[in-house]
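Notes to accompany the following structure.
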Amino acid sequence: DMAARGLLRESRDGPAPGRAREPGRPGVAVEIDPRGAHFLGVEIGVGVVRYALLDLAADVVASAEERVDPAAQPAAVVRAIARRTDALARDRRFRGRIRSIGVTVPGLVTLDGHVVHLPILGWRDLDLREALDDAAGLPCFVENNATAAAFGAVYVETSMPRACTIFLKLGAGCGGAAVVNGRVLRGAAGTAGEFGHLRIAAGGPRCYCGQRGCLETFVNVAALSRAYAGRECTTADLDDLPTAVAQALLGGDRRARRAADALCRRLGEGLVALVNVFNPSTIVLGGPMRPLLEPLLPRLSAAVAAGIVSGTVVPDVRLSTTGLLECAVGAAAVAHHHYFDVPALDPARRETAP
């Protein structure tokens, strides 16, 4: 049945060298046909929408990025996604083979794809999955961006330890997720993993959530801009500032060193708290802050080792391998996973999450 659906094919590989053929009728080796199905991942960001298309083997076969108005309303973004989906569906390589779409947003999302609060874009109380289903004509899944990136990091990277991985995405905000035994730890309504809102100080800049002292306000691009340039950041800073500070740091710039020191101290405090709670084997750091995080990895690892409860195994602190596409790849991984998840075979149980 799977072969008839184009998901499997006979393998051209013969028996292993030196291995005797078993008696009886020769068996037929089969393997996944990567072309059998494709899954589109979409990241809705601040002024940008990124796309990644995974094949059945979970490899990226196409990607794109388009700029949108940072103040765009949900309907306009949904139409842009539908246009991109239609263009890919007309491509002869993927025609009739795109099975579903995963979409990420930088905010609170429930298990049924309802956007509760997306302050950075000004969206609130939005049934985004229903809007996408109607516009794109394919099954859609909506996920928090950091949650999807965390799931994708474990799902497509086969060497990643699966017992417990913590993922942090640092950029305009600070999102995260814990992946335990290959499944995202979601909480009662699916909104767990708001690691950026750990309270690590009594005061500090006011956060999007309305509180002060949140980890996010000390480790995002706005905090980096204040520490390095003495001003609030713009949308352009989201992409450019971390790279500029990283280059200045390597050149011995004092302002860059002070900004990096502040980032390391606060991020280290947040990582220590997360390790003490979750006892992960791996911490993966991603997002637009990645260029600056790379030279700071040894210091962050040392801060974690020095701060966690004595006797706790020190986790490996590493960078995400999927770069700017991490959220789009994660969204596509969510869709890919649903295609193979047994509960997903029952349309009445589509809310089952990875």
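FYI, the numbering just counts along the sequence from 1. Side chains are part of it too, since the values below use all heavy atoms of this structure and drop only hydrogens, waters and symmetry mates. Source: prediction; values computed, not measured.
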Any side-chain to backbone donor/acceptor pair from [X] onto [Y]? Under 3.5 Å, distance only.
X    : Y    : answer
R186 : R183 : no
S225 : R231 : yes
E326 : G287 : yes
R290 : S320 : yes
S301 : L297 : yes
H336 : L56  : yes
R266 : F218 : no

**Prompt:** Could you go step by step and tell me if E294 and R318 meet the salt bridge (charged side-chain N to carboxylate O under 4.0 Å, His left out) rule?
**Reply:** CA-CA 8 Å; E294 185 170 5; R318 63 173 75 174; over 6 Å; no

State, with a plain yes or no, whether a side-chain heavy atom of [X] is found less than 4.5 Å away from one of [Y].
X    : Y    : value
V154 : V284 : no
Y228 : R258 : no
C209 : E216 : no
I101 : T85  : yes
V109 : V116 : no
L274 : L168 : yes
P34  : D59  : no
L185 : F278 : yes

With a 4.5 Å cut-off on side-chain heavy-atom distances among I, L, V, M, F, W and Y, is there a chain of contacts connecting [X] to [Y]?
X    : Y    : value
L285 : L198 : yes
I200 : L293 : yes
L138 : V142 : yes
V49  : L324 : no
F167 : V180 : no

Residue pair [X] / [Y], side-chain donor-acceptor N/O under 3.5 Å:
X    : Y    : value
E66  : Y51  : yes
H117 : D125 : no
E43  : T104 : no

**Item:** Residues L40, L88; criterion side-chain contact (heavy atoms from CB on, under 4.5 Å); working and verdict
**Value:** CA-CA 9 Å; L40 180 61; L88 286 168; 3.7 Å; yes

Point-to-point distance, once rounded to the nearest 0.5 Å, from [atom1] of [X] to [atom2] of [Y]:
X    : Y    : atom1 : atom2 : result
N220 : C174 : CG    : SG    : 8.0 Å
L325 : L53  : CG    : CG    : 11.5 Å
L292 : C264 : CG    : SG    : 8.0 Å
T217 : R206 : OG1   : CZ    : 11.0 Å
I44  : R50  : CD1   : CZ    : 12.5 Å
D55  : H38  : CG    : NE2   : 5.0 Å

Locate the shortest heavy-atom distance separating [X] from [Y]; write the atom from each residue and the value.
X    : Y    : answer
F151 : A333 : CE2-O, 3.6 Å
A229 : R255 : CA-NH1, 4.3 Å
A64  : R84  : CB-NH1, 3.6 Å
N144 : P106 : ND2-C, 4.5 Å
A135 : A82  : O-CB, 3.7 Å
A136 : C140 : CB-SG, 4.5 Å

**Message:** Is the ring pair F141/H338 parallel, tilted or perpendicular, if the boundaries are 30 and 60 degrees?
**Reply:** parallel

**Prompt:** Should V105 and L121 be marked as a side-chain contact (heavy atoms from CB on, under 4.5 Å) after you check the CA-CA gap, both sets of side-chain angles, and the distance that decides it?
**Reply:** CA-CA 9 Å; V105 294; L121 293 179; 5.8 Å; no

**Request:** Determine, stepwise, if the pair H197 / F195 fulfils side-chain contact (heavy atoms from CB on, under 4.5 Å).
**Result:** CA-CA 5 Å; H197 300 291; F195 298 152; over 6 Å; no

**Message:** Salt bridge check, R9 against E31: does any charged N sit closer than 4.0 Å to a carboxylate O?
**Reply:** yes

**Short N-O contact, D261 and R299, less than 4.0 angstrom** = yes

**Message:** Checking F39 against F94 for the ring pair (Phe, Tyr, Trp, His ring centres under 6.0 Å) test, could you report, in this order, the C-alpha distance in whole Å, the side-chain angles of both residues, the deciding distance, and whether it holds?
**Reply:** CA-CA 10 Å; F39 308 88; F94 317 125; over 10 Å; no

**Verdict with reasoning, V275 to I283, per side-chain contact (heavy atoms from CB on, under 4.5 Å)** = CA-CA 9 Å; V275 173; I283 297 173; 3.6 Å; yes

**Prompt:** Hey, which of L267, L263, L296, T243 is the one that makes side-chain contact (heavy atoms from CB on, under 4.5 Å) with M289?
**Reply:** L263

